[in-house]
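See below for the structure under consideration.
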Amino acid sequence: MPGLTSIRMTGDKLEIVNQLVLPHTTEYIEINSIEQAHDAIKSMKIRGAPAIASLASLALVFHLSQALELSPTPEYLASPEALQGHVTPILDFLYTARPTAVNLGAATRRLNKTLQSSLVSGKHARAIAEDLIAEGRLIADEDESRNRKMSKWGGDWLVEEDKRNGGSGEVLNVLTVCNTGSLATSGYGTALGLITYLHESSKLGKAYYTQTAPYHQGSRLTALELKALQIPSVMICDTMVGSLFQHHKIHAVAVGADRVARNGDTANKIGTYNAAVLAARHKIPFIVVAPISTVDLDVADGASIPIEHRPPLEACLVRGALYPPSFDSQGNKQQAQVMITPSDLDGIYNPSFDVTPAELITAIVTEKGVAVKKEGESTFDLSGIV
Ligand SMILES: CSC[C@H]1O[C@H](OP(=O)(O)O)[C@H](O)[C@@H]1O
């Protein structure tokens, strides 16, 4: 997205834009330690499955790059074993920041694999550190080009799908949930990337998006991105999806994902399942757009996907694009939107994600192409996708 990126690493600085205070304030925060990276992910200063995987990777890159410059050399660079004893707990710690998005785990596992293969190759500690730095940078750098490839796959497929459904494949109206653009990735986005591709190909009518309470990824972040991209768009409240489908022509729903099970069941932002059920009711194609690193073949179906429950207070705070920016340092509005007292908090249900069954999903788009279910099947077989 022009001007605003989720993460930037310039020279000896690693920074993120604080998404808790967007769009009212554009504040970049320096990430100077593994602990700060973990906190930024856990508190959702940075969010979006690919973006948090990139930050975790770049935090290790930053940490090891700084270490290689230190004099005297830190003890953990004295031997391969010492380095392994230092890096493994770091990767384990970063993985605990948020449980649902599998990209974070895929990145830490990939870095651990680099560590292990460098160890068995007999390299000395500094060379192993350099291998980890290279792999961590690659994890972050490859995201944008992968998103552009997925977005083209998905956009071209949707045009043909609309024609198969008797449409023109032109002026396509697409609804999305949450934020899956540059602020959720290292660039271009996933579902919002598909929308951007359709716009760039002059095939888009309008982008529709839900506010996505309570964090308001839609009304704060997707609104900001669509405005910057000058894409014609319409914001709706989360409760309005059914009415939208009843009264307006929507050609597809396109969403991102935090974890896709082997059978195609997909965990994504809360409210996605609602949209999928309503899309099925209105015979609207429902498309998931996510990199292969989001597919978790170790999970057979959605029942095994851990769903993060956010602090109850977050469900009671007001965050919105038009509210005055009277946010505290954590980006929380100073007043609750409902009348609660601290003792009421255990009466708040606040899951951050829900699971959409594969039977409600028309297609799953990755950088490898578009996966659809076999005729008569209600689930996907993604075992061969990686
Ligand atoms: C391409 S981002 C994937 C996914 O992450 C978002 O969740 P959060 O904002 O809590 O990190 C949302 O579920 C997106 O669809």
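Ligands are counted one by one from 1 in listed order, and the atoms in each one are counted from 1 as well. Side chains included, hydrogens not; waters and symmetry mates left out as well; all remaining heavy atoms used. This is a predicted model, so every value here is computed, not measured.
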Can you pull out the closest protein heavy atom to atom 11 (O) of ligand 1? Residue, atom name and distance to 0.1 Å, please. G48 N, 2.7 Å

Axial cation check for Y28 ring with R8, 6.0 Å and 45° limits: yes

Which value, rounded to the nearest 0.5 Å, describes the distance between R109 atom CZ and Y95 atom OH? 6.0 Å

Close-contact set for ligand 1 against G256 heavy atoms, below 4.0 Å: 15 (O)

What part of F353, side chain, backbone, both or neither, has a heavy atom within less than 4.0 angstrom of ligand 1? side chain

Of the protein's non-hydrogen atoms, which lies at the shortest distance from atom 12 (C) of ligand 1, and what is that distance? C178 SG, 3.4 Å

Is there a donor-acceptor contact under 3.5 Å from the side chain of D258 to the main chain of A101? no

Considering heavy atoms of the protein only, find what lies nearest to atom 15 (O) of ligand 1 and give residue, atom and distance to 0.1 Å. N268 OD1, 2.5 Å

So which heavy atom in the protein is nearest atom 5 (O) of ligand 1, and how far is it from that ligand atom? D258 OD2, 3.1 Å

Per-atom filter on ligand 1: closer than 4.0 angstrom to a heavy atom of M44 are 10 (O)

Is NZ or CZ of R146 both nearer than 6.0 Å to the six-membered ring centre of Y188 and within 45° of the ring axis? no

Is there a path of hydrophobic side-chain contacts, each under 4.5 Å between heavy atoms of I/L/V/M/F/W/Y residues, joining L64 to L94? yes

Near E75 CD, under 6.0 Å, is it more than 12 heavy atoms from other residues, nucleotides or ligands? no

Pick one: which of V253, N165, T362 meets side chain to side chain contact (heavy atoms under 4.5 Å, CB included) with I284? V253

Report yes if some N/O of T180 lies less than 3.5 Å from some N/O of ligand 1; otherwise report no. no

Between S383 and D381, a side-chain donor and acceptor under 3.5 Å: yes

Between the side chains of N179 and Q217, does any donor sit under 3.5 Å from an acceptor? no

Which ligand 1 atoms are under 4.0 Å away from a heavy-atom of A49? 2 (S), 3 (C), 5 (O)

What part of Q217 sits under 4.0 Å from ligand 1 if we count only heavy atoms: the side chain, the backbone, both or neither? side chain

Could you check atom 3 (C) of ligand 1 against the protein and tell me its nearest heavy-atom contact, residue, atom and distance included? A257 O, 3.3 Å

Can you confirm, on distance only, whether ligand 1 has an N/O atom lying under 3.5 Å from any N/O atom belonging to R47? yes

Taking a cutoff of less than 4.0 Å between a non-hydrogen atom of the residue and any ligand atom, is V255 in contact with ligand 1? no

Would E308 count as a contact of ligand 1 if the rule is a heavy atom under 4.0 Å away? no

